[in-house]
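Source: prediction; values computed, not measured. Both ligands and their constituent atoms are indexed starting at 1 by order of listing.
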Amino acid sequence: MKFPDHFLWGASSSAFQIEGAWNEDGKGMTVADFNSFKKSDIQADSKTASDFYHHYKEDIAMMKELGLQVYRFSIAWARIIPDGDGEINEKGIAFYNDVIDELLKNGIQPFITLYHFDLPYALVEKYNGWESRKCADAFERYASVCFERFGDRVKLWQVHNEQNLMMRVDERMNLNEPDPHKKEQIRAQMDYHMFIAHAKAVNACHSIIEGGQIGCAVSSTVTYPLTNAPEDVWSAIQNNRFKTDYCLDMHAYGEYPGYYMAYLKEHDLVPQTCEGDDELLKSAKMDFIALNYYRTLTARYLPADEEHPKGTKVEGMNEVDYDMYGYWKIEKNTNLKASEYGAQIDPVGFRIVLNDYWNRYRLPLIVTENGLGTADELTEDGKIHDDYRIDYLQQHITAIGQAIEDGVDMMGYCPWSVMDLLSSHQGFRKRYGLIYINRTDMDLKDLQRIRKDSFFWYQKVIETKGESL
Ligand code: BG6
């Protein structure tokens, strides 16, 4: 299998998960810092993470050795504007200038995400972050600063990482409202403000950067019906729509699809809008769709009853995969193996998602996350023999090749993650990297960078443009 010459081979990371230096050189605290500090006594937090801030030259040299053509990473908004909407921090600008220049010097194209779960905490204190429309204005300003300062060298951009998933996680949105209905109203308003911010950033990118390309980054999946009973098939479709598709439709077409608007109306969740919003949302045309893919889901119909009215969430579930009465219930797929952390591994599902998005939106696709999180252990020879990760990546890259043969326009692939990093839930116990970082949750050790077996395997894949697969 040989991939086209224009196909970009890359790898990914995000600011709070690798940088460390959480309060150095003027950086402000972020929601991601705040949340990670809550668990500081039991697992790694964002204070040091992989210490990319102090190791970036060494890390970029390794990326070059790996053969990366593109590196997808994020900028910490609070490094550029520490309190979110005030003064610009020149030291933060200088850090990212250095990273960008170092990448270019090594022949690697920078691909920047503007916001990866790390809202400046000051905006939460000022007006509960995305609940206020002011947050969308602050984001537009921050995005414009990035485009103006870095756009001469950076042409590839992503707006929010996984708005559709972030929105479901109360901690990431700083959603503390005790009344369940009010909480859903605030969530819907926050979601809407993020769509407004997305549209403003897309338009700003196009007007500020010559040749700039920008897209969203969704958390993607496909939901299979548990049985072929029509109500189960419909439930599976609904699960996909409510957790992902409505978001992609909004990004691509600038309006909520009918089923979603009907749901918002039926449950008294319609957000407040402003004059001119419709035009703004429709005017913002993405250049590509970026997607993060880890696993698939399976669902069946979950009837509502008197005690559990239609549209109420089932309590006790994890927030990301919540069940909803009158809509769906998530079930285990017995045909699939799961990772040790429960993600159901499904390369065929990947091919389905890629075909589906291409058929619906006809926009080029780029994968900005895909990978296997495991508790890798250093062996006595000082190496990491991660054949399980090689197997995972091999199957998923093959699925991309098949999707290309199916006719899907694929721009590239950036597995998660270039190096071990702070996992969003399991600290440094769960590792995704091609490069091992020698630290544990509670012991920083020497932070040495060690190439895993998957590093050498991926290097060969890139070198041969997929022929070695
Ligand atoms: C994605 C996020 O949803 O999943 C990453 O964009 C995250 O930031 C990745 O690390 C894997 O999830 P986790 O919880 O295993 O770190």
Side-chain angles (χ1 to χ4, degrees), residues 10-20 30-36 38-39 42-46 49-50 52 71-77 111-119 158-173 194 215-221 243-244 247-248 289-297 318-322 338-346 349-350 353 366-376 386 388-389 392-393 396 413-435 437 441:
S12 277
S13 72
S14 91
F16 82 94
Q17 294 178 279
I18 62 163
E19 284 180 1
T30 69
V31 169
D33 294 325
F34 178 82
N35 289 327
S36 86
K38 289 187 209 158
K39 295 177 219 143
I42 49 161
Q43 72 179 39
D45 58 25
S46 61
S50 315
F52 177 77
Y71 172 45
R72 180 263 192 174
F73 62 103
S74 76
I75 286 184
W77 180 349
F111 179 6
I112 294 180
T113 312
L114 287 164
Y115 169 46
H116 194 122
F117 302 162
D118 53 356
L119 188 73
Q158 280 185 314
V159 189
H160 312 307
N161 178 66
E162 300 185 346
Q163 175 175 337
N164 61 319
L165 185 134
M166 195 185 332
M167 200 48 66
R168 283 177 248 154
V169 183
D170 294 354
E171 199 179 57
R172 292 208 191 295
M173 302 310 298
M194 282 187 71
C216 60
V218 285
S219 165
S220 71
T221 190
K243 293 179 184 164
T244 311
C247 184
L248 266 175
I289 288 176
L291 58 124
N292 301 345
Y293 176 88
Y294 290 92
R295 46 85 190 253
T296 53
L297 296 170
N318 79 59
E319 299 161 306
V320 173
D321 290 337
Y322 70 88
S339 78
E340 64 188 282
Y341 288 98
Q344 299 199 312
I345 299 168
D346 186 359
F350 198 19
V353 166
I366 181 160
V367 179
T368 45
E369 288 186 33
N370 170 238
L372 183 68
T374 55
D376 298 337
D386 56 343
Y388 38 86
R389 180 167 294 106
Y392 179 99
L393 295 174
H396 284 78
Y413 178 66
C414 300
W416 186 261
S417 47
V418 68
M419 66 184 82
D420 289 344
L421 41 70
L422 185 69
S423 129
S424 42
H425 295 102
Q426 286 91 3
F428 269 81
R429 289 195 305 288
K430 191 187 201 181
R431 295 170 183 267
Y432 287 88
L434 301 162
I435 299 166
I437 304 291
D441 266 337

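Proximity of a side-chain donor or acceptor of Ser14 to a complementary backbone N or O of His116 within less than 3.5 Å is not detected.
Ala290 pairs by the side chain to side chain contact (heavy atoms under 4.5 Å, CB included) definition with Gln158, Ala217, Phe288, Ile366, Thr368, not counting sequence neighbours. By the side-chain hydrogen bond (donor to acceptor under 3.5 Å, both in side chains) test, Tyr293 pairs with no residue at all, sequence neighbours left out. Every residue two or more places apart in sequence or in another chain that forms a side-chain hydrogen bond (donor to acceptor under 3.5 Å, both in side chains) with Asn35 is listed here: Lys38.
When side chains are defined from C-beta on, Phe428 counts as touching Asp420, because their heavy atoms get closer than 4.5 Å.
In this structure, Phe350 and His396 have tilted ring planes: the angle between them lies in the 30° to 60° band.
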Just list the N/O pairs, ligand 1 to protein, that are under 3.5 Å apart, with the distance for each.
residue, atom, partner, partner atom, Å
ligand 1, 3 (O), Glu162, OE1, 2.5
ligand 1, 3 (O), Glu162, OE2, 3.0
ligand 1, 6 (O), His116, NE2, 3.3
ligand 1, 6 (O), Asn161, ND2, 2.9
ligand 1, 6 (O), Glu369, OE1, 3.1
ligand 1, 6 (O), Glu369, OE2, 2.8
ligand 1, 8 (O), Gln17, OE1, 2.8
ligand 1, 8 (O), Gln17, NE2, 3.4
ligand 1, 8 (O), His116, NE2, 2.9
ligand 1, 10 (O), Gln17, NE2, 2.9
ligand 1, 10 (O), Trp416, NE1, 3.4
ligand 1, 14 (O), Ser424, OG, 2.6
ligand 1, 14 (O), His425, ND1, 3.2
ligand 1, 15 (O), Lys430, NZ, 2.6
ligand 1, 15 (O), Tyr432, OH, 2.5
ligand 1, 16 (O), Ser423, OG, 3.3
ligand 1, 16 (O), Ser424, N, 2.7
ligand 1, 16 (O), Ser424, OG, 3.1

